[in-house]
Amino acid sequence: MSSHPLVPVARTRVKLAVCAALTVVAVIAGLPAWTVAALALTSIAIPVAVLLAGGARLLWELLLPPPGDRTEGGLDHTPEERDRLVT
């Protein structure tokens with residue numbers, strides 16, 4: 001098994017959050033039970049798939065990201081780039 005996941009954990013975390021939020025919105029909006037069930041099962045299936053694919057370490061990384069973990073994507077600059085932009 002590779003130590004590097006095929007899909008970045010941050011991207012998977014966003015998808016999990018969106019599915020969970022959509023589940024809550026579906027419940028509040030009173031959507032049909034099958035819609036709520038599909039969204040809820042998808043929200044449960046994401047962590048299960050991560051656990052099966054990468055083990056417990058990857059699951060904990062999905063559910064509890066390390067503090068200050070900003071290495072994946074975004075507009076963050078390296079220290080050298082920050083120094084160059086400031087001066």
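No side-chain donor-acceptor contact under 3.5 Å links Arg13 to the backbone of Leu64.
Following chains of ILVMFWY side-chain contacts shorter than 4.5 Å, one cannot reach Ile46 starting from Val14, and the two form parts of different hydrophobic clusters.
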Determine all donor-acceptor pairs shorter than 3.5 Å in which one atom belongs to a side chain in residues 16-34; sequence neighbours excluded.
| unit_1 | atom_1 | unit_2 | atom_2 | d |
| --- | --- | --- | --- | --- |
| Thr23 | OG1 | Cys19 | O | 2.8 |
| Thr23 | OG1 | Leu39 | O | 3.4 |

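Here CG of Leu51 is found 12.0 Å from CZ of Arg57. Values are rounded to the nearest 0.5 Å.
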